[in-house]
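Both counts, for ligands and for their atoms, begin at 1 and track the order of listing.
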Amino acid sequence: MNTDTSPKIPVVLTIAGSDSGGGAGIQADLRTFAFHCVHGTSAITCVTAQNTLGVVGVEAIPPEVVVAQINAVCDDIGVQSAKTGMLLNKEIIAAVAEQVEALQIPNLVVDPVMVSRTGFQLLDDDAVKNLRNLLIPKAALVTPNRYEAQILSGLPINSLDDMRAASQIIHRNTGVKVVLVKGGGMQGSLRGVDIWFDGHHTETLTTKHVDTKNTHGTGCTLSAAIAANLARGSDLITAVKQAKEYVTNALSYSLAIGKGQGPVGHFFPLLNK
Ligand SMILES: Nc1ncnc2c1ncn2[C@@H]1O[C@H](COP(=O)(O)OP(=O)(O)OP(=O)(O)O)[C@@H](O)[C@H]1O
Ligand SMILES: Cc1ncc(CO)c(N)n1
């Protein structure tokens, strides 16, 4: 084959856990990458047994195997951006932070995954310190949800003003370039509202609230879409706005599968054709 005709496709890396139900984690990330026309690569940090009802088991991948996956991808293929999702424990976080630094991985989006929607703990209690001190400072963007923003800022969050205050504290405490506090865990129409803080400007990013119980994977999908948009050349605020639109569409076309909270649906570009 004449490789000169190969399209130039950006490459993105996800460092995250596997979700057997296919709605979140690595599975959501790779699907999101494909629908953004970027080539997805992965470093799996843990394997979860989960479905739409919740998480029933989790097994960690040894940190050196996580590192080997990151190196295998970066040494040969190279990436234009990366995201982290479920990292599970402090050893994996420290190893990932070291590789991000050593390999100078660009455009890092950190989704500081801590607890599933169904209340299952996805990060050890003693791992928050490493997330805050080692990994988040290396990110272009950190995307805590309501619960994660409360843990990272120490503030209870019940209003938009609380989300704004938390974003500023997280920015100050970690030195991350930009904080996006997500509103999916808030009440009513605030569920479609996120707060952006870059150290100078606060922006309130609003998309229409979608009334559905099938919201599994919104956070993973958002951070994966942001990383994909960055790899395609969008600036950060544009990447976030485009990703929010994608998530809103995915919520509108979410899948009523399983007996619990179904996943967001990525097939909207292919439907009604
Ligand atoms: N019902 C909704 N309608 C519109 N947008 C929503 C809704 N729920 C969540 N979002 C949006 O989805 C994105 C992810 O936010 P959310 O707070 O749900 O993340 P998360 O809790 O990390 O997700 P996950 O359930 O995957 O852990 C945000 O941009 C948020 O505004
Ligand atoms: C593997 C995995 N990553 C992230 C989340 C958060 O939605 C989840 N439930 N499972």
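Listed by number with element, the atoms of ligand 1 under 4.0 angstrom from any heavy atom of Gly217 are 26 (O). Heavy-atom contacts of Thr218 reach the following atoms of ligand 1: 12 (O), 14 (C), 16 (P), 18 (O), 19 (O), 23 (O), 24 (P), 25 (O), 26 (O) (cutoff under 4.0 Å). For ligand 1, the atoms sitting less than 4.0 Å from at least one non-hydrogen atom of Leu251 are 2 (C), 3 (N), 4 (C), 5 (N), 6 (C), 7 (C), 10 (N), numbered in the order shown with element in parentheses. Near Gly185, the atoms of ligand 1 lying under 4.0 angstrom from a non-hydrogen atom of the residue are 17 (O). Of all atoms in ligand 1, listed by their number and element, those nearer than 4.0 Å to a heavy atom of Gly192 are 4 (C), 5 (N), 31 (O). Of all the atoms in ligand 1, the ones that sit under 4.0 Å from a non-hydrogen atom of His209 are 1 (N), 2 (C), 3 (N), 4 (C).
The protein atom (non-hydrogen) at minimum distance from atom 12 (O) of ligand 1 is Val247 CG1, 3.5 Å. When hydrogens are left out, the protein atom nearest atom 22 (O) of ligand 1 is Lys182 NZ, 2.8 Å; that is the closest non-hydrogen contact. Shortest contact from atom 21 (O) of ligand 1 to any protein heavy atom: Asn145 ND2, 2.9 Å. For atom 31 (O) of ligand 1, the nearest non-hydrogen atom of the protein is Asp194 OD1, 2.7 Å. In terms of protein heavy-atom proximity, atom 8 (N) of ligand 1 is closest to Arg191 O, 3.6 Å.
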**Report entry** From CA spacing to verdict: side-chain hydrogen bond (donor to acceptor under 3.5 Å, both in side chains), Gln99, Asn71
**Finding:** CA-CA 8 Å; Gln99 285 325 99; Asn71 288 346; 2.8 Å; yes
Query - side-chain hydrogen bond (donor to acceptor under 3.5 Å, both in side chains) evaluation trace for Ser81 with Arg232 - result: CA-CA 9 Å; Ser81 68; Arg232 289 170 61 90; over 6 Å; no
Query raised in the report: Given Lys244 and Val247, is the side chain to side chain contact (heavy atoms under 4.5 Å, CB included) satisfied, shown in steps?
Result: CA-CA 5 Å; Lys244 264 187 81 57; Val247 170; 5.8 Å; no
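Residue contacts with ligand 1 for His216 are absent, since no atom lies close enough (heavy atoms, distance under 4.0 Å).
For the atom pair Gln50 CD and Phe120 CZ, the distance stands at 8.5 Å (nearest 0.5 Å). Between the CG atom of Leu255 and the CG atom of Asn214 there is a distance of 7.5 Å, given to the nearest 0.5 Å. In this structure, CE in Met163 is found 7.0 Å from CD1 in Ile157, a value given to the nearest 0.5 Å.
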Put together the list of close N/O pairs, under 3.5 Å, between ligand 2 and the protein, could you?
residue: ligand 2; atom: 9 (N); partner: Gln50; partner atom: OE1; Å: 3.3
residue: ligand 2; atom: 10 (N); partner: Gln50; partner atom: NE2; Å: 2.8

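At a cut-off of 3.5 Å, with distance as the only test, no side-chain donor of Arg31 or Thr221 sits close to an acceptor on the other residue.
The shortest heavy-atom distance from Ala24 to ligand 1 is not under 4.0 Å. Using a non-hydrogen distance threshold of 4.0 Å, Arg146 does not register as a contact of ligand 1.
Where the criterion is an N or O separation shorter than 3.5 Å, residue side chain and backbone included, Thr248 fails it with respect to ligand 1. The N/O atoms of Gly184, backbone and side chain alike, include one that comes under 3.5 Å of an N/O atom in ligand 1. Looking at ligand 1, you won't find any N or O of Glu148 less than 3.5 Å from one of its N or O atoms.
Counting only heavy atoms from C-beta outward, the side chains of Leu123 and Ile93 approach each other to under 4.5 Å. Leu236 is listed as a side-chain neighbour of Leu230, based on a closest heavy-atom distance under 4.5 Å. Ser159 has its side chain within reach of Asp162: a pair of non-hydrogen atoms, C-beta onward, lies under 4.5 Å apart. The side-chain heavy atoms of Val181 and Asp194, taken from C-beta on, include no pair separated by under 4.5 Å. With a 4.5 Å cut-off on side-chain heavy atoms, Asn229 and Thr238 do not count as touching.
Among Asn133, Asp125, Asp126, the one residue that satisfies the side-chain contact (heavy atoms from CB on, under 4.5 Å) test with Lys129 is Asn133.
When hydrophobic clusters are built by joining Ile, Leu, Val, Met, Phe, Trp and Tyr residues whose side-chain heavy atoms come closer than 4.5 Å, directly or via intermediates, Val66 is not grouped with Leu88.
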